[in-house]
Amino acid sequence: MVSFYDTRLREIVPFVPLVDGRVSMYVCGPTVYDDPHVGHARTAFTFDMIRRYLQWRGFEVVFVSNITDIDDKIIARAAETGTTETELATRYEQVYTEQMDRFGIARPDHQPHATAYVEQMLDFIGNLMDRGAAYAIEGKGVYFSVAAHSRYGDLIGRTTEELREGAGARVEVDVDKIDPLDFALWKAAKPGEPVWDSPWGPGRPGWHIECVAMATDLLGETFDIHGGGDDLAFPHHQNEVAEAEGAGLGFARHWIHGAMLNVNGEKMAKSLGNFTTLSDLLDICDPQVLRLLMLQTHYRTVMELSDDALAGAAGALDRLRSWNRRAQAARLNPSAARDRDAVARFTAAMDDDFGTPAALAVVFDLVREGNAALDSGDTTRAETAHSTVRNLARALGLLLRDSAFHLDTKVELLLAERDEAREAKDFAAADRIRDELAARGITVEDTPDGTIWRKT
RNA sequence: GCGUCGGUGCCCGAGUGGACUAAGGGAGUGGCCUGCAAAGCCAUGAUUCACGGGUUCAAAUCCCGUCCGGCGCUCCA
């Protein structure tokens, strides 16, 4: 049975979906005001991995991830760059989609935009007002009253009192609020900002309300999994819970949070100058290398991104691809019966809080077994290993085939000439041609099943 | 400051009371295979899991303390 760590319950729990065989997931998407960086990619990866595994496990998954296209950062950036909020958001949403496609993140089934949900958000706020869970402050907006939510703080394991003590540690508290923990549902308009009409005056939605409106609209009042980056647990997700439950909705049954990403021992941040956009990284690194590196780290562990770590993952990917090339050269049946024991170990690893490092270990064990089987001429065992590796790699979103590459006619000619030279035992000529191929970025491998090549 | 998660070999990184004689990957070294390579296979590496105490028949795994690091501590930023 699939089980995973539920942030709110603070333990690994067995997962039973609300509807048998179906999983509904909502994952907080990007605020589109800048290029996505590798940290964004890690969170996207984490939930892509979970989604793919649940699908491989036989669940039908409905995956919703939003685009926040109105927000303070967007307003500020638009003002800085002399463009409109809409233009800015549209442009960066496109960049986000392009880069996530490039990284191999499957697109969501639904990708709602905050600006398309303002009406639902206003209805929602009205509902909270009616229930006494929200109040308006003239000229400022509408606030959620944390006093209406007794469990406020449970998502991060703190009591409301503890949170009150800590309030203002980093940020000044607005003295007009009834409780320092109260937060904005609707922000009154300021000059020059995008504005929507509301019963409480012109303004724009607060940060958290959009996710509640969109998630419950697309997935129902109660759904299975709500996910996001670790840094969103508080206040964002806590406030979503407060709003949703304040309105009497069941909301998310489970919460999953993915850990952050470090660069050379420090957190990735612009202020530290170690900020890498996903685009820049993928320019110099195969997307599958990055995916493999992320799979080698448990999703709840802070991950190290360094040149050494990337080089290590690149080596590991080469190993998988070499095995695949070899299996293809040997014409192994890719649909042969699978290794049931290995599949069982893989499933056990993944069922235990998505243990991708242990699951990958099963895959690498199979690769070693398959290579050894081919060495000893045991085709049956090699086929079992190959077929199983293919299937498990798919569950993890790993592609085993070499990246697309076209041989030019000159290279094809050289390969043919080298074959002839070797046939004639003219090894001096064969080696000369091999050097020339190497200079052209082609590495040759002579196998019992013929010569295969790869891009260096 | 408060909360929370973590500190494992040269590097990345699993493992959270007994099969750990610490998974897996990368790098290194030796051997086999190969015309030579490449790929592959085999062998090899932490007497030890930040440090100091403690609990236990048994701890990397539990408890206490210290040091170091990540993340969070409303709207704004």
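In what follows, chains carry the letters A, B, and so on, assigned in the order in which the sequence lines appear, proteins first and then strands, with residues in each chain numbered from 1.
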(message) Side chains of A/Tyr5 and A/Tyr299, heavy atoms from C-beta outward: is any pair under 4.5 Å?
(response) yes
(request) Scan for salt bridge (charged side-chain N to carboxylate O under 4.0 Å, His left out) pairs involving residues 309-330 of chain A, sequence neighbours excluded, and state none if there are none. (result) A/Asp286-A/Arg321, A/Arg325-A/Asp402, A/Arg325-A/Glu445, A/Arg326-A/Asp375
(request) Using distance alone, with no hydrogens and no angle criterion, decide if A/Asp182 and A/Tyr135 have a side-chain donor and acceptor under 3.5 Å apart. (result) yes
(request) Pick base, sugar-phosphate or nothing for A/Asp431, based on heavy-atom distances below 4.0 Å to the nucleic acid. (result) base
(request) Report the residues that fulfil ring pair (Phe, Tyr, Trp, His ring centres under 6.0 Å) with A/Phe144, sequence neighbours left out, ordered by chain and then residue number. (result) A/Phe183
(message) Using atom P in both nucleotides, what's the gap between B/rG52 and B/rU47 to the nearest angstrom?
(response) 14 Å
(request) Any pair with a residue in residues 37-49 of chain A that passes salt bridge (charged side-chain N to carboxylate O under 4.0 Å, His left out), sequence neighbours left out, goes on the list, sorted by first then second residue, please. (result) A/Asp48-A/Arg52, A/Asp48-A/Arg291
(request) Return each pair, listed once, that meets side-chain hydrogen bond (donor to acceptor under 3.5 Å, both in side chains) where at least one residue sits in residues 183-202 of chain A; pairs must be two or more places apart or across chains. (result) A/Asp72-A/Lys187, A/Trp186-A/Ser198, A/Glu193-A/Arg204
(message) Using a strict threshold of under 4.0 Å (side-chain N to carboxylate O), is an ion pair present between A/Asp449 and A/Arg331?
(response) no
(message) Regarding A/Lys425, tell me which of base, sugar-phosphate or nothing describes its non-hydrogen contacts under 4.0 Å with the strands shown.
(response) nothing
(message) Going by the rule side-chain contact (heavy atoms from CB on, under 4.5 Å), which residues pair with A/Thr276 if we only count those two or more places apart in sequence or in a different chain?
(response) A/Val38, A/Met268, A/Asp280, A/Leu281
(message) Taking the P atom in each of B/rG1 and B/rU66, what is the distance between them to the nearest angstrom?
(response) 11 Å
(message) Using a strict heavy-atom distance below 4.0 Å, which residues from residues 379-386 of chain A are in contact with RNA chain B?
(response) none
Contacts under 3.5 Å, N or O only, protein and nucleotides 3-5 of chain B:
| from | atom 1 | to | atom 2 | distance (Å) |
| --- | --- | --- | --- | --- |
| B/rG3 | O4' | A/Arg158 | NH2 | 3.3 |

(message) Suppose you measure atom P in B/rU61 against the same atom in B/rU16; what distance do you get, rounded to whole Å?
(response) 12 Å
Dump every N/O contact between nucleotides 37-39 of chain B and the protein below 3.5 Å, one line per pair.
| from | atom 1 | to | atom 2 | distance (Å) |
| --- | --- | --- | --- | --- |
| B/rA37 | N6 | A/Asp446 | O | 3.0 |
| B/rA37 | N1 | A/Asp446 | N | 2.9 |
| B/rA37 | N1 | A/Asp446 | OD2 | 3.3 |
| B/rA37 | N3 | A/Arg434 | NH1 | 3.1 |
| B/rA38 | O2' | A/Arg454 | NH2 | 3.0 |
| B/rA38 | N1 | A/Asp446 | O | 3.4 |

(message) Should the side chain of A/Asp230 and the base of B/rG70 be counted as holding a donor-acceptor pair, with the cut-off at 3.5 Å?
(response) no
(message) Suppose you measure atom P in B/rC73 against the same atom in B/rG40; what distance do you get, rounded to whole Å?
(response) 46 Å
(request) Only stems of 3 or more consecutive Watson-Crick or G-U pairs count here, both distances under 3.5 Å; name the ones for RNA chain B, or none. (result) B:1-7 with B:67-73, B:10-12 with B:24-26, B:28-32 with B:40-44, B:50-54 with B:62-66
(message) Classify A/Phe427 by what it touches in the nucleic acid, base, sugar-phosphate, or nothing, heavy-atom distance under 4.0 Å.
(response) base
Set out, line by line, the N/O atom pairs under 3.5 Å between protein and nucleotides 30-32 of chain B.
none

(message) Check A/Arg368 with A/Asp365, please: is the shortest side-chain N to carboxylate O separation under 4.0 Å?
(response) yes
(request) Indicate whether any N or O donor in one side chain lies under 3.5 Å from an N or O acceptor in the other, for A/Asp351 and A/Tyr53. (result) yes
(message) So, using side chain to side chain donor-acceptor pair (under 3.5 Å) as the criterion, who are the partners of A/Asp283 when residues are at least two apart?
(response) A/Arg102
Can you pull every protein N or O that's under 3.5 Å from an N or O on nucleotides 11-21 of chain B?
| from | atom 1 | to | atom 2 | distance (Å) |
| --- | --- | --- | --- | --- |
| B/rG13 | OP1 | A/Glu304 | N | 2.9 |
| B/rG13 | O2' | A/Gln296 | O | 3.2 |
| B/rA14 | OP1 | A/His298 | N | 2.7 |
| B/rA14 | OP1 | A/Thr301 | OG1 | 3.2 |

